[in-house]
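Read the structure below first, then the notes.
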Amino acid sequence: MARKKNKRKSFEDIEVIDAGSKGKGIGKAPDGRVLIIDKVVPGDIVNVQTYKKRKAYYQAKPTEIVKASDKRTEPVCQHFGVCGGCKWQNMAYEHQLFYKQKEVEENLNRIGKIDLPETQPILGSQEIYFYRNKMEFSFSDSRWLTEDEINSEETINDKNALGFHIPGMWDKILNIEKCHLQADPSNDLRNKVRDFADQNNLEFFNPRHKTGLLRTMMIRTTSTGETMVLIQFYDDLKEERELLLDYIKDEFPHLTSLLYVINQKANDTIYDQEIVCYAGRDHIFESMEGLKFKITAKSFYQTNSEQAYELYKITRDYADLKGDELVYDLYTGTGTIAQFVAQKAKKVVGIEAVPDAIEAAKENAKANGIDNTSFFAGDMRKVFTDEIIAKNGQPDVIITDPPREGMHADVVAQILKLAPEKIVYVSCNSATQARDLALLDSLYKVDKVQPVDMFPQTHHVENVVRLSLK
């Protein structure tokens with residue numbers, strides 16, 4: 001039986017009434033369905049064309065902005081609207097903050113369905129551009145062409161790109177001239193590496209055919225002025241590889257760390273790959289409140305260093321430590337929060353799934369002269385058990401900072417069994433946080449909620465909640 005064609009519809013004079021999931025605009029179609037609209041700002045009045053229809057909603061794109069919202073601002077980036085990295089650059093920052101706070105409050109109320117205190121005003125970021133300390137760029141020999149290029153009659157010979165994936169297209173890379181997310185030397189590095197590779201006929205990766213030399217480029221920077229560059233190669237060609245690495249070393253003599261990896265897997269993740277140090281150190285250092293943190297190519301570290309400091313200060317403040325508490329820091333990563341609160345606690349026990357991160361946590365604690373921390377590696381639900389409690393003691397305070405999917409139900413059950421006086425829950429996804437808060441509601445009341453904006457120009461938002469025993 002032939003499938004029905006998904007007929008596109010056009011609607012006129014649609015008011016964008018809200019910002020919804022993933023930063024998209026929300027409107028109402030004449031037939032009562034919700035309209036989820038790309039690239040618009042609340043307050044816009046737009047004509048739209050649908051491209052997907054479901055029982056309760058349409059997905060649509062604007063064909064004309066009839067009346068622009070007063071919440072709009074002019075995007076600063078030439079790639080805005082194509083790149084997909086900064087979906088809210090067209091919305092003034094104070095309005096971005098409003099909708100981020102609204103999302104947190106709605107998720108906690110709608111999903112959590114628990115008693116909540118008044119939410120603290122969201123903490124905005126001092127820097128709203130050039131705030132990221134880590135960026136990853138992809139090489140491609142079949143770059144995404146702009147509409148102007150497609151419509152021109154000129155033959156386009158230069159198909160190489162070093163930039164970002166087009167949203168929803170795993171094999172299409174947009175060539176980036178200037179990104180406003182990471183400070184210098186990021187743009188200079190990327191552009192010079194691409195130009196040198198072009199001029200020397202170094203082959204850019206083809207993701208469909210799995211061919212080529214140059215695969216990805218990662219740049220990490222720190223507030224202490226250190227820079228790490230990691231080039232991921234697909235083909236193992238020593239002469240070409242060293243040609244590029246020597247160029248980077250000579251052109252950017254102040255680099256702290258120059259690394260490479262040869263990765264011929266189907267995906268470009270590096271966590272199971274051998275990293276080779278070509279020049280300088282195999283790590284860089286970040287500093288926070290006198291503490292030094294060693295960051296390797298595989299380390300997780302909060303991407304906005306300055307705002308991470310604010311987030312950790314809130315976390316420490318909410319823990320309200322007096323000096324005699326045993327603290328468990330779940331999903332500790334490289335132990336940043338654990339070390340940040342250690343001076344105010346009797347002891348901190350950190351647990352994390354990634355063994356490399358735990359090794360870094362131990363190393364950082366030793367280097368910082370912190371001797372009241374213990375770190376354990378393993379799957380949280382298998383490590384955070386009665387056995388580890390018997391060995392390390394009963395927690396007075398639990399700090400938890402899980403990934404986007406939140407805490408496993410077994411981990412929540414264990415927290416309820418242990419019943420510490422306080423829990424500080426840091427989350428990058430208030431929907432899964434709300435689900436977990438509902439599970440904790442039998443024993444705990446939420447007494448503080450503080451959203452924190454870590455990622456200006458995007459819809460992402462962090463949230464810190466403090467829970468106390470009822």
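Positions are given from 1 along the sequence.
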Is it true that [X] and [Y] make a salt bridge, defined as a side-chain N closer than 4.0 Å to a carboxylate O?
X      : Y      : value
Arg208 : Asp171 : yes
Lys100 : Glu462 : no
Asp371 : Lys366 : no
Glu289 : Arg316 : yes
Lys102 : Glu106 : yes
Lys313 : Glu310 : yes
Asp324 : Lys322 : no
Lys422 : Glu325 : no
Lys265 : Asp272 : yes

Hydrogens and angles aside, do [X] and [Y] bring a side-chain donor and acceptor to less than 3.5 Å of each other?
X      : Y      : result
Thr269 : Asn267 : yes
Gln78  : Glu177 : no
Ser69  : Asp44  : no
Asp38  : Tyr51  : yes
Tyr301 : Asn133 : no
Asp386 : Gln414 : yes
Thr222 : Glu286 : no
Asn107 : Gln433 : no
Asn392 : Tyr328 : no
Asn364 : Gln339 : no

Counting only N and O atoms by type, is there a donor-acceptor contact under 3.5 Å from the side chain of [X] to the main-chain atoms of [Y]?
X      : Y      : result
Arg143 : Asn175 : no
Glu405 : Thr432 : no
Glu352 : Phe376 : no
Arg220 : Ile295 : no
Asp396 : Glu421 : no
Lys113 : Arg110 : yes
Arg281 : His283 : yes
Glu363 : Lys294 : no
His408 : Asp410 : yes
Gln59  : Lys52  : no

Taking the six-membered ring for Trp and the single ring otherwise, decide whether the centroids of Phe293 and Phe285 are under 6.0 Å apart.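 Judged by ring-centre distance (under 6.0 Å), Phe293 and Phe285 do not meet the cut-off.
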Ring center gap for Tyr58 and Phe11 short of 6.0 angstrom: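 Yes, the ring centres sit under 6.0 Å apart.
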NZ or CZ of Lys55 within 45° of Tyr57 ring axis and under 6.0 Å: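 Negative - Lys55 is either too far from the ring of Tyr57 or too far off its axis.
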Against the six-membered ring of Phe139, is Arg215 placed for a cation-pi contact (under 6.0 Å from the centre, within 45° of the normal)?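 That pair does not qualify as a cation-pi contact.
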Does the plane of the ring in Phe340 sit parallel, tilted or perpendicular to the ring in Tyr312? Use 30° and 60° as the thresholds.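 Aromatic pair Phe340/Tyr312 classed tilted.
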Between Phe205 and Tyr234, how do the two ring planes meet: parallel, tilted or perpendicular, split at 30° and 60°?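 Tilted, since the angle between the ring planes falls between 30° and 60°.
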Pick from Asp447, Asp441, Asp115: which one makes a salt bridge (charged side-chain N to carboxylate O under 4.0 Å, His left out) with Lys470?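 Going through the options one by one, the only one that passes is Asp441.
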Applying side chain to side chain contact (heavy atoms under 4.5 Å, CB included), run through Leu416 and Val412 and close with a yes or a no. CA-CA 6 Å; Leu416 286 168; Val412 177; 4.3 Å; yes
Are more than 12 heavy atoms, taken from residues, nucleotides or ligands other than Lys298, located less than 6.0 Å from that residue's NZ atom?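 Atom NZ in Lys298 is packed in, count exceeds 12.
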Do Tyr99 and His459 have side chains that get closer than 4.5 Å, going by heavy atoms?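 A side-chain contact under 4.5 Å is absent here.
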With side-chain hydrogen bond (donor to acceptor under 3.5 Å, both in side chains) as the test, would you mind laying out the steps for Tyr271 and Asp356 before giving the verdict? CA-CA 9 Å; Tyr271 296 101; Asp356 281 358; over 6 Å; no
